[in-house]
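See below for the structure under consideration.
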Amino acid sequence: MSKQLNIGLFGFGVVGKGLYDVLHHTPAFQSSIKKICIKNVHKPRAIAAENFTSHAAVLLEDEGINVIVELIDDADAAFEIVKKALQNGKAVVSANKKMIAEHFEELFKLQQKHKVPFLYEASCCASMPIIRNLEEYYDNDLLNSFRGIINGSTNFILTKIFKEQLDFDKALLLAQQAGFAESNPQLDVGGFDAADKLSILLAHSFGVIAKKEQFIFNGIENIALQDAMVAKGRGWKIKLVASAQKLKDGKLAAFVLPRFVTEGDDLFNVENEFNGLITESSFADKHFFKGKGAGAFPTASAVLSDISALRYDYKYEYKKIFHQTDTVLTNDFYLKVFVSVDDFTKIKRTEFEWVEEWHNEFKHSWLIGTIHAAKLAADDWWKQPGISLIACPDAIVEDVDYRKISQRSLELAGVV
Ligand SMILES: NC(=O)c1ccc[n+]([C@@H]2O[C@H](COP(=O)([O-])OP(=O)(O)OC[C@H]3O[C@@H](n4cnc5c(N)ncnc54)[C@H](OP(=O)(O)O)[C@@H]3O)[C@@H](O)[C@H]2O)c1
């Protein structure tokens, strides 16, 4: 690819405008935005109207444009744009996790077929460079697990609720006003966005191509104030955490759930729109990454870094997909969870292998127990209004004590 990059930019919202501003603050950068495609031509813009078009083909068919930067908020339209750009031999940079996660396999094949780079660092943790680290650094050192806060807006909301005692709606509004939230905030608070990101990270870390429907995920909507009181009482915080861990049988456990985080945990002080991720590997032991996971400039900085990487023809090699072909995603593991309800009849106690704690308070009953992940994957009783399920700090239970299970079975059967 020529070192001079001529960019066709799709989207001029929070991130698109952010990128425009960042590019104009780095004049030494050998690239220029030739045209910008937006949806609504009548919207007032900060720059002259001749920069814009609403016709995608103007950018996609322009042979003078060699890079398409896709920063729109419509995943279906984004997929068509990216597909066409790759087919036309243009390099592509995107921040659209929903689009990438939902079409990962097809996008992967398109890159192989057309031999053009497709980079998307900003899609996972905005300014925190995690995809390229997973691709390059953990190339030889075997990764055993990672877990992290990978959605900036829910972390911002949880911080505002628990640190500043704001109510949920006010905290969400602040996240939207700051440009942290998705256009459809349900994608954030329902856990869909973090699950899409986990799906992308699984491919780059363990070579597993999986859609979010294949693992357990939930968001933060059902977390109750009383849950925060329980957390506070034990010196914990509640964070939305994405986790992936190689089990003893070599299979991969993955999930996104609200999770109690202890004070000694690196994720404990990851607040507001920051993201944080801890990797554990065979030789390096632990790494902790932290960076801004949302917002115009932090996200634009990751997009800029991808554009810059195109100047030296960087592309993802997907080594884990090609070489770690034996890693299989599984829901065959146990999870230690806290479940609270506004009405104790809503808890499916018989689903649990065993229950360690059971508290029955007025309009707030809760338990801590161990449940098989496949049972959570098969049924969504635990996602219903009035029920909140939070993973415990030591969430994955590998060594199941069958004596406890049989004791529990006897109790459930009313024998003891
Ligand atoms: N905001 C963040 O902190 C953040 C962080 C990481 C990743 N991202 C990702 O970055 C992308 C953009 O997010 P954003 O926050 O910048 O969204 P946004 O502020 O809502 O802006 C969306 C832009 O996309 C344009 N658009 C929508 N549909 C289009 C279409 N079919 N063709 C051309 N343009 C179209 C809109 O045009 P009009 O201006 O005409 O309405 C608008 O300029 C999303 O994929 C998001 O998930 C965002």
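Start at 1 and go down the list; that is how both ligands and their atoms are numbered. By convention here, the first residue in the shown sequence is residue 1.
- For Ala181, no heavy-atom contact with ligand 1 is shorter than 4.0 Å.
- Under a 3.5 Å cut-off, the side chain of Asn151 and the backbone N or O of Asp188 do not form any donor-acceptor pair.
- Nearest non-hydrogen protein atom to atom 40 (O) of ligand 1 is Asn40 N, 2.7 Å.
- Leu71 O, 3.5 Å is the protein heavy atom nearest to atom 12 (C) of ligand 1.
- Here atom 31 (N) of ligand 1 lies nearest to Ala77 when heavy atoms of Gly11, Ala77, Ala56 are compared.
- With a heavy-atom cut-off of 4.0 Å, Lys98 does not touch ligand 1 at all.
- For atom 10 (O) of ligand 1, the closest non-hydrogen atom of the protein is Ala95 CB, 3.7 Å.
- Taking 4.0 Å as the cut-off between side-chain N and carboxylate O, Lys17 and Asp21 count as a salt-bridged pair.
- For ligand 1 and Ser183, the ligand atoms under 4.0 Å from any heavy atom of the residue are 20 (O).
- In terms of protein heavy atoms, atom 16 (O) of ligand 1 is closest to Val15 N, 2.9 Å.
- Checked by atom type and distance alone, the side chain of Glu121 pairs as donor or acceptor with a backbone atom of Ile131 at under 3.5 Å.
- Around atom 32 (N) of ligand 1, the closest heavy atom drawn from Ile72, Asp76, Asn151, Val41 belongs to Ile72.
- Between Val14 and ligand 1, an N or O atom pair is found at a separation short of 3.5 Å.
- Those atoms of ligand 1 that come under 4.0 Å of a heavy atom in Ala122, given as number and element, are 6 (C), 7 (C).
- Ion pairing of Lys160 with Glu271 is absent here, as no side-chain N (NZ or NE/NH1/NH2) approaches a carboxylate O to less than 4.0 Å.
- Some N or O of Gly295 is nearer than 3.5 Å to an N or O of ligand 1, by distance alone.
- For ligand 1, the atoms sitting less than 4.0 Å from at least one non-hydrogen atom of Ala294 are 3 (O), numbered in the order shown with element in parentheses.
- Side chains of Asp227 and His364: a donor-acceptor N/O pair is present below 3.5 angstrom, by distance only.
- Ion pairing of Asp265 with Lys239 is absent here, as no side-chain N (NZ or NE/NH1/NH2) approaches a carboxylate O to less than 4.0 Å.
- Every ring-ring contact (aromatic ring centres under 6.0 Å, His included) that Phe108 has, sequence neighbours left out, goes to Tyr318, Phe322.
- For Ala126, the heavy-atom gap to ligand 1 stays at 4.0 angstrom or more.
- Ring planes of Phe338 and Trp366: tilted class, angle from 30 to 60°.
- Under a 3.5 Å cut-off, the side chain of Asp380 and the backbone N or O of Lys383 do not form any donor-acceptor pair.
- Summary of contacts: the protein heavy atom closest to atom 17 (O) of ligand 1 is Asp73 CB, 4.0 Å.
- Side chain to side chain, Asp343 and Thr345 meet the donor-acceptor criterion of an N or O pair below 3.5 Å.
- Less than 4.0 angstrom separates some heavy atom of Lys39 from each of these atoms of ligand 1: 26 (N), 27 (C), 28 (N), 29 (C), 33 (C), 34 (N), 35 (C), 37 (O), 38 (P), 40 (O).
- Ion pairing between Glu61 and Lys90 fails under the 4.0 Å rule for side-chain N and carboxylate O.
- For atom 7 (C) of ligand 1, the choice among Arg45, Lys43, Lys97 with the nearest heavy atom turns out to be Lys97.
- In this structure, Lys212 forms no cation-pi arrangement with Phe192, as its terminal cationic atom is not both closer than 6.0 Å to the ring centre and no more than 45° off the ring axis.
- Nearest to atom 6 (C) of ligand 1 among the protein's heavy atoms is Thr299 CG2, 3.4 Å.
- In terms of polar-atom proximity, Phe12 is counted as a contact of ligand 1, with an N or O under 3.5 Å from an N or O of the ligand.
- Protein heavy atom nearest atom 21 (O) of ligand 1, with residue, atom name and distance: Gly13 CA, 3.3 Å.
- Scanning the protein for heavy atoms near atom 2 (C) of ligand 1, the closest one is Gly179 O, 3.6 Å.
- At least one cation-pi condition fails for Arg234 and Phe260: the charged atom is not both under 6.0 angstrom from the six-membered ring centre and inside a 45 degree cone around its axis.
- For ligand 1, the atoms lying closer than 4.0 Å to a non-hydrogen atom of Glu182 are 46 (C), 47 (O).
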